[in-house]
There are 2 protein chains.
Amino acid sequence: MGRVSDAKEKLMKAVTELIWTGSYGSTTIDQICERAGVKKGSFYYFFDSKATLAGEAIEAAWEEYRPKLDKVFSPSLAPLDRIHRFCEFEYQEQCELHRQFGHVLGCPLCTLGTEVSTQEDALCRKVQAIMDQSRKYFETTIRDAHAAGLVYAPDAAAKARTVYAYSEGLMAQARIRNDLQVFREMERGILDLLGVKEREALAT
Amino acid sequence: MGRVSDAKEKLMKAVTELIWTGSYGSTTIDQICERAGVKKGSFYYFFDSKATLAGEAIEAAWEEYRPKLDKVFSPSLAPLDRIHRFCEFEYQEQCELHRQFGHVLGCPLCTLGTEVSTQEDALCRKVQAIMDQSRKYFETTIRDAHAAGLVYAPDAAAKARTVYAYSEGLMAQARIRNDLQVFREMERGILDLLGVKEREALAT
DNA sequence: ATTCTATTTGACTAAATAGTAAACTAAAAC
DNA sequence: GTTTTAGTTTACTATTTAGTCAAATAGAAT
């Protein structure tokens, strides 16, 4: 079966970082290859365009991220505790990224999605699909919270869309302002959307 | 004083449209010139870079947009009515853009801001400045609503940040999904953040 | 009418970029 | 150890792109 290679993985890691720390449109194939330490011929051996690579890269990144969310949103935890842990987790992740790259990066899906929405249909669809899965964590949590009488949310899916939009908006603000403190407002905002008063949250 | 020119305005209009319907990174100076019907020499006569042009363009667009918001958020209206009108206004605007360009475009500030945040400092700062002004409409409205006893929001500025982040997040979703219906959830989401129950809103 | 000046034009350079192809190489399979 | 196959490299072409400049021009001011 010939020789084996990790060039594919290196290219995916490189493009993920470049898009996240910069933007899709401004990263070139030459740049990707250089950061990955891979020659352009090899790039075209594995992928046929930047869009294809980016698509596979975000899917791989999602598969790495997913188990972390599984842990944070474990159904064994009380619903409002999951929310709390998610906000804390997200804050810590962004702190780490900030340390590593010197800038608040926000959500890569949202940044990439808004940028390519009108231009790269296949890529944008992949972003949407991951967002759909991502939103499900909120949906399940909200449904559980409603069932437990902690919140009033008869339409958990609709409420999840709202909470998700808010969290994405907040991350966008954090990126634009390059300000980690923005994340400190996330939990309260989500609880407001869920109609949880300040005292109730503490009592849970 | 020599001859007069509208090339500057044409260039600003062109770049605004190209960024909004596409992205900052993917629009080239040649494209801008072509759409504006202006030769590249003239571009460099008026501006020294794409970033400079984009900066002036968004400022000009904001000055055009501002009076519309002044009308929507008129202090002569009941606070929750202003919110209602804003959501309706935003929906109508996006419908019109969708008709004109064949795609949901969302908020140009947020799209541009997240894209250039790590790359074009001066431009990003202009985005931030306009966002700050934009958010003030919410802040004033929320303060008035609190004073009128319609909502409980002792920290109007904080609440405005939350509402603003949510509205930006929702517009990002609308752009990514290319779905105008997303806007129909905006008012309820904002009222949820403000703690206004469904009945109360109608009663105002 | 003439002058003056703000603006326009087109032709140019240099660099960056996407994409190709054929020769080359390492290592797996036998 | 030979063959086979997967992956790598290098050198290349053709475009696109940013940015420059000197000459031309239109029209405002006088």
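Source: prediction; values computed, not measured. Naming convention: chains lettered A, B, ... in sequence-line order (proteins, then strands); numbering from 1 in each chain.
Rounded to whole Å, atom C1' of C:dT17 lies 12 Å from atom CZ of A:Phe43. Between the OH atom of B:Tyr44 and the C1' atom of C:dT9 there is a distance of 16 Å, given to the nearest Å. We find that CG of A:Leu18 is positioned 12 Å from P of C:dT17, with the value rounded to whole Å. Between the NZ atom of B:Lys39 and the C1' atom of C:dC12 there is a distance of 15 Å, rounded to whole Å.
Contact check for A:Met186 versus A:Met171: side-chain heavy atoms found under the 4.5 Å cut-off.
In this structure, a donor-acceptor pair under 3.5 Å is absent between the side chains of A:Glu96 and A:Gln92. In this structure, a donor-acceptor pair under 3.5 Å is absent between the side chains of A:Arg161 and B:Gln173.
Within 6.0 Å of CD in A:Glu93 there are more than 12 heavy atoms belonging to other residues, nucleotides or ligands. Within a 6.0 Å radius of CD in A:Glu64, other residues, nucleotides and ligands contribute 12 heavy atoms or fewer. Atom NZ of B:Lys13 is surrounded by 12 or fewer heavy atoms from other residues, nucleotides or ligands within 6.0 Å. More than 12 heavy atoms of other shown residues, nucleotides or ligands fall within 6.0 angstrom of atom CZ in B:Phe101.
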Using the 3.5 Å cut-off, write out each protein N or O paired with an N or O of nucleotides 23-25 of chain C and the distance between them.
from	atom 1	to	atom 2	distance (Å)
C:dT25	O2	A:Arg3	NH1	2.6

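The stretch residues 27-34 of chain A comes close to DNA chain C through A:Thr28, A:Ile29, A:Asp30, each having a heavy atom under 4.0 Å from the strand.
Note on A:Lys40: a base of the nucleic acid sits closer than 4.0 angstrom, heavy atoms only. Contacts of B:Ser5 with the nucleic acid, taken as non-hydrogen atoms under 4.0 Å apart, involve only primed sugar atoms and P, OP1 or OP2.
Under the 3.5 Å distance criterion, the side-chain polar atoms of A:Ser167 are matched with a main-chain donor or acceptor of A:Tyr164. Although no hydrogens or angles enter the test, the distance criterion places no donor-acceptor pair under 3.5 Å between the side chain of B:Glu168 and the main chain of B:Cys107.
Here the closest heavy-atom approach between residue B:Gln128 and residue A:Ile176 is recorded as NE2-O, 2.8 Å.
By the 30° and 60° cut-offs, the orientation of the rings of A:Phe73 relative to A:Phe86 is tilted.
Annotation: of the two residues near DNA chain D, A:Val4 and B:Gly41, the 5′-most nearest-nucleotide partner is A:Val4.
Taking a heavy-atom distance under 4.0 Å as the criterion, the stretch of DNA chain D touched by chain B extends 5' to 3' from D:dT17 to D:dA29.
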